Undergrad: 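Handing you a structure now.
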Amino acid sequence: MNSFSLKNSISNTLYFIGSMLVLIGLWQLVTILTKNEIPGPVATWQVFMELMSEPFYDRGPNDKGIGNQLVSSLIRVFSGFGAGSIVAIPLGLLMGSSKTGMKLLNPIVQILRPVSPLAWFPLGLLAFKAAEGATIFIIMITSLWPTLINTAFGVASIPDDHKNVGKAFGFSTWKYITKIMLPYSIPHIITGLRLSIGVAWMVIVAGEMLSGGVGIGFFVWDSWNALSLERILVAILIIGTVGLLLDKGFNALQNAFSYNQK
């Protein structure tokens, strides 16, 4: 690591610490203004440590540790996200490479994209006859749009020079896709995937509140029924931290592919 990278890493770390101190300060201020109706950082930390003392216990269907709840949510998120990506990337390639495909599919995308995940849940229950399948379905249907749109944009923005190279060398359709279309558009695809995983992670909470069972969303709802605001705040912080880590992971992937293209 050179000196510039080291200084940059130290600077980013200090900014992150400063940001967390600002968050804690604002949180404590809200606690004071609400006369401790909103638990403060210290009370929440104590509950967090209690939950972390045995995160993976399992005492029955509705009594599991916070670690088990988180793992169950992540499995659902990546299942729905993966299914959505399998649908979104080919459709995005089609829309971006074909004016006919764009004209046919874009109105459908614009109609379905703004629909709330809560509106999709009854259809998921009808289709899958189970809350688990319905939750994965709403994650899939709401998270695929950023990937689809960014993929279509990336393919549509391929320069004519690149396309002409394929024509000049007589590339087959498959060779054009693998040698020109995908390499050029993959940074846009990863940007879409990065946005989609964020959407999927937001949707999981609402989905699990509706479906019940096991998961971080159910944990929030169960904590509310138990009138434990500290547990709710712990869940919020865990949800935010996991979301940050997921975003950082896809950002690193995006930077790697952007670097390779230079």
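Fair warning: this is a prediction, and the values are worked out from it, not measured in the lab.
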Undergrad: Would you kindly confirm whether I108 and L94 end up in one hydrophobic cluster when ILVMFWY residues are joined by side chain heavy atoms under 4.5 Å apart?
TA: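 Yes.
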
Undergrad: Quick check: does any side chain N or O of S53 sit under 3.5 Å from a backbone N or O of E50, one acting as donor and the other as acceptor?
TA: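 It does hold such a pair.
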
Undergrad: Nearest heavy-atom pair of P117 and I138: which atoms, and what distance?
TA: O-CG2, 3.7 Å

Undergrad: Between L233 and F48, does a side chain to side chain contact (heavy atoms under 4.5 Å, CB included) hold up when you go through it step by step?
TA: CA-CA 9 Å; L233 289 170; F48 173 78; over 6 Å; no

Undergrad: Side-chain heavy atoms nearer than 4.5 Å, only ILVMFWY residues, links allowed to pass through others: does that put V47 and I24 together?
TA: no

Undergrad: Step through the shown structure and confirm whether more than 12 heavy atoms of other residues, nucleotides or ligands are within 6.0 Å of CH2 on W27.
TA: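 Counting neighbours around CH2 of W27, more than 12 heavy atoms of other residues, nucleotides or ligands fall under 6.0 Å, so yes.
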
Undergrad: What about I190 and L195, same hydrophobic cluster or not, with Ile/Leu/Val/Met/Phe/Trp/Tyr joined at side-chain heavy-atom distances under 4.5 Å?
TA: no

Undergrad: Can you give me every donor-acceptor pair (side chain of residues 145-153, partner residue at least two apart or in another chain, under 3.5 Å) with its distance?
TA:
residue : atom : partner : partner atom : Å
W145    : NE1  : I141    : O            : 2.7
T147    : OG1  : G192    : O            : 3.2
T147    : OG1  : L193    : N            : 3.4
T147    : OG1  : S196    : OG           : 2.7
N150    : ND2  : P146    : O            : 2.8
T151    : OG1  : T147    : O            : 2.6

Undergrad: After noting the C-alpha distance and the side-chain angles of F16 and L244, does the key distance pass the side chain to side chain contact (heavy atoms under 4.5 Å, CB included) rule?
TA: CA-CA 12 Å; F16 179 78; L244 175 65; 4.1 Å; yes

Undergrad: Please say yes or no: joined through hydrophobic side-chain contacts below 4.5 Å, possibly via intermediate residues, are I111 and L144 part of one cluster?
TA: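 As far as the 4.5 Å side-chain criterion goes, L144 and I111 are connected within one cluster.
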
Undergrad: Output, in order, the C-alpha distance, side-chain angles, deciding distance and verdict of side chain to side chain contact (heavy atoms under 4.5 Å, CB included) for S79 and M140.
TA: CA-CA 8 Å; S79 297; M140 183 200 79; over 6 Å; no

Undergrad: Indicate the atoms forming the closest heavy-atom contact of F121 with A131, along with that distance.
TA: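 Answer, listing the atom of F121 first, then A131: CE1-O, 4.5 Å.
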
Undergrad: Only pairs under 3.5 Å count here: list side-chain donor-acceptor contacts from residues 33-43, not counting sequence neighbours, and write none if there are none.
TA:
residue : atom : partner : partner atom : Å
T34     : OG1  : V30     : O            : 2.8
T34     : OG1  : T31     : O            : 3.3
T34     : OG1  : I38     : N            : 3.3

Undergrad: Please identify which of these residues, V234, I232, I236, meets the side chain to side chain contact (heavy atoms under 4.5 Å, CB included) condition with T44.
TA: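 When side chain to side chain contact (heavy atoms under 4.5 Å, CB included) is applied between T44 and each of V234, I232, I236, only V234 qualifies.
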
Undergrad: Search all heavy atoms of S185 against all heavy atoms of L93 and return the closest pair with its distance.
TA: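 The pair with the smallest heavy-atom distance is OG-CD2, 4.4 Å.
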
Undergrad: Just wondering, do W120 and L125 contact through their side chains at under 4.5 Å, heavy atoms?
TA: no

Undergrad: Looking at M95 and G101, what are the two nearest heavy atoms and their distance?
TA: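 Answer, listing the atom of M95 first, then G101: CG-O, 4.1 Å.
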
Undergrad: Kindly work out whether a path of hydrophobic side-chain contacts (I/L/V/M/F/W/Y, heavy atoms less than 4.5 Å apart) joins I189 to I86.
TA: no

Undergrad: Which heavy atom of P90 sits nearest to which heavy atom of S85, and what is that distance?
TA: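 Smallest heavy-atom distance, with atoms named: CD-O, 4.1 Å.
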
Undergrad: Roughly how far apart are H188 NE2 and I158 CD1, rounded to 0.5 Å?
TA: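 So the gap between those two atoms works out to 9.0 Å.
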
Undergrad: Taking the inter-plane angle between the rings of F128 and F137 on a 0 to 90° scale, is it parallel (under 30°), tilted (30 to 60°) or perpendicular (over 60°)?
TA: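 If you compare the ring of F128 with that of F137, the planes turn out tilted.
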
Undergrad: Would you say Y15 and S19 make side-chain contact, with heavy atoms under 4.5 Å?
TA: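 Of all side-chain heavy-atom pairs linking S19 with Y15, none is under 4.5 Å.
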
Undergrad: Considering only residues two or more places apart or on different chains, which pairs with a residue in residues 226-252 satisfy side chain to side chain donor-acceptor pair (under 3.5 Å)?
TA: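 Every side chain to side chain donor-acceptor pair (under 3.5 Å) pair that includes a residue of residues 226-252, provided the two are not neighbours, is R194-D247, R194-N251, S223-R231.
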
Undergrad: To the closest 0.5 Å, what do you measure between CG (N68) and CD (E54)?
TA: 10.0 Å

Undergrad: Cut-off 3.5 Å, no hydrogens considered: what does the side-chain donor-acceptor table look like for residues 201-215, sequence neighbours left out?
TA:
residue : atom : partner : partner atom : Å
W201    : NE1  : I239    : O            : 2.8
E208    : OE1  : S73     : OG           : 2.9
E208    : OE1  : I216    : N            : 2.9
E208    : OE1  : G217    : N            : 2.7
E208    : OE2  : S73     : OG           : 2.8
E208    : OE2  : R76     : NH1          : 2.6
S211    : OG   : T135    : OG1          : 3.3
S211    : OG   : G207    : O            : 3.0

Undergrad: Take F219 and L70 through the test side chain to side chain contact (heavy atoms under 4.5 Å, CB included) and record every step on the way to the result.
TA: CA-CA 9 Å; F219 179 84; L70 182 59; over 6 Å; no

Undergrad: Which pairs count as ring-ring contact (aromatic ring centres under 6.0 Å, His included) when at least one residue sits in residues 52-88, sequence neighbours excluded?
TA: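 ring-ring contact (aromatic ring centres under 6.0 Å, His included) check on residues 52-88 returns F81-F250.
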
Undergrad: Hey, can you pull the donor-acceptor pairs under 3.5 Å for the side chains in residues 174-183, sequence neighbours left out?
TA:
residue : atom : partner : partner atom : Å
T178    : OG1  : W174    : O            : 3.0
T178    : OG1  : K175    : O            : 3.3

Undergrad: Drop me the distance from L23's CG to Q28's CD, to the nearest 0.5 angstrom.
TA: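 Going from CG on L23 over to CD on Q28, the span is 11.5 Å.
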
